[in-house]
Amino acid sequence: MEDCVFCTIASGAFGTEFLYEDDRVVAFDDLHPQAPIHVLVVPKRHFDTIADGVPAEVLASMVAAAKAVAEKTGIASTGFRCIMNTGSDAGQTVQHLHMHILGGASFGEGLLARN
Ligand code: AMP
Ligand code: ZN
């Protein structure tokens, strides 16, 4: 999609370093990290949100990317949080489906808690 920053990044046009890449998704560091490890998993094909008819194989690649990124960044054993903000109440600011992978610190037990 034109004028979509994540479409452009995923196409490789910015030369972004990918921590993971397969046929369907890429993963790269968030520009404004909110945890010691903060990586975004982004489909190469444009979807607005998780509710935009995302094929099962794309979702499978996103999960595979999360596992691979966690192992590569050393947070597989300590744990990590995966978040897909959807719509305005969730605070979605980039209208191209993405999954945050956050780790390297304890976020506490509550859904939204962060120590
Ligand atoms: P969300 O609020 O869930 O839509 O998250 C969007 C995320 O994208 C934020 O954490 C931003 O810091 C991140 N972001 C925006 N532009 C870029 C970019 N050019 N490269 C990397 N991360 C970005
Ligand atoms: Zn896009």
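Numbering of ligands and ligand atoms starts at 1, following listing order.
- You'll find the side chain of Val58 reaches within 4.5 Å of the side chain of Phe47, heavy atoms only.
- Using the six-membered ring where Trp is involved, Phe6 and His96 have ring planes that are perpendicular, over 60° apart on the 30 and 60° scheme.
- In terms of heavy atoms, Ile75 sits closest to Gly104 at CG2-N, 3.6 Å.
- Contacts of Lys72 classified as side-chain hydrogen bond (donor to acceptor under 3.5 Å, both in side chains), with partners at least two apart in sequence or in another chain: none.
- Annotation: side-chain hydrogen bond (donor to acceptor under 3.5 Å, both in side chains) contacts of Gln95 (sequence neighbours excluded): none.
- The distance from atom CD1 of Ile101 to atom CD1 of Ile83, rounded to the nearest 0.5 Å, is 11.0 Å.
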Between ligand 1 and the protein, which N/O pairs are shorter than 3.5 Å?
from: ligand 1; atom 1: 2 (O); to: Gly91; atom 2: O; distance (Å): 3.0
from: ligand 1; atom 1: 2 (O); to: Thr93; atom 2: N; distance (Å): 3.4
from: ligand 1; atom 1: 2 (O); to: Thr93; atom 2: OG1; distance (Å): 3.1
from: ligand 1; atom 1: 3 (O); to: Asn85; atom 2: ND2; distance (Å): 2.8
from: ligand 1; atom 1: 3 (O); to: His98; atom 2: NE2; distance (Å): 2.9
from: ligand 1; atom 1: 3 (O); to: His100; atom 2: NE2; distance (Å): 2.8
from: ligand 1; atom 1: 4 (O); to: Thr93; atom 2: N; distance (Å): 2.7
from: ligand 1; atom 1: 4 (O); to: Thr93; atom 2: OG1; distance (Å): 3.2
from: ligand 1; atom 1: 4 (O); to: Val94; atom 2: N; distance (Å): 3.0
from: ligand 1; atom 1: 4 (O); to: His98; atom 2: NE2; distance (Å): 3.0
from: ligand 1; atom 1: 5 (O); to: His98; atom 2: NE2; distance (Å): 3.1
from: ligand 1; atom 1: 5 (O); to: His100; atom 2: NE2; distance (Å): 3.2
from: ligand 1; atom 1: 10 (O); to: Asp30; atom 2: OD1; distance (Å): 3.2
from: ligand 1; atom 1: 10 (O); to: Asp30; atom 2: OD2; distance (Å): 2.6
from: ligand 1; atom 1: 12 (O); to: Asp30; atom 2: OD1; distance (Å): 2.5
from: ligand 1; atom 1: 22 (N); to: Leu31; atom 2: N; distance (Å): 3.1

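- A heavy-atom distance below 4.5 Å is found between the side chains of His100 and Asn85.
- For the pair Lys44 (side chain) and Asp22 (backbone), a donor-acceptor distance under 3.5 Å is present.
- Crowding of Glu57 atom CD: a count of heavy atoms from other residues, nucleotides or ligands under 6.0 Å exceeding 12.
- Listed by chain and number, the protein N, O or S atoms at a distance under 2.8 Å from the Zn ion (ligand 2) are Cys4 SG, Cys7 SG, His46 ND1, His96 ND1.
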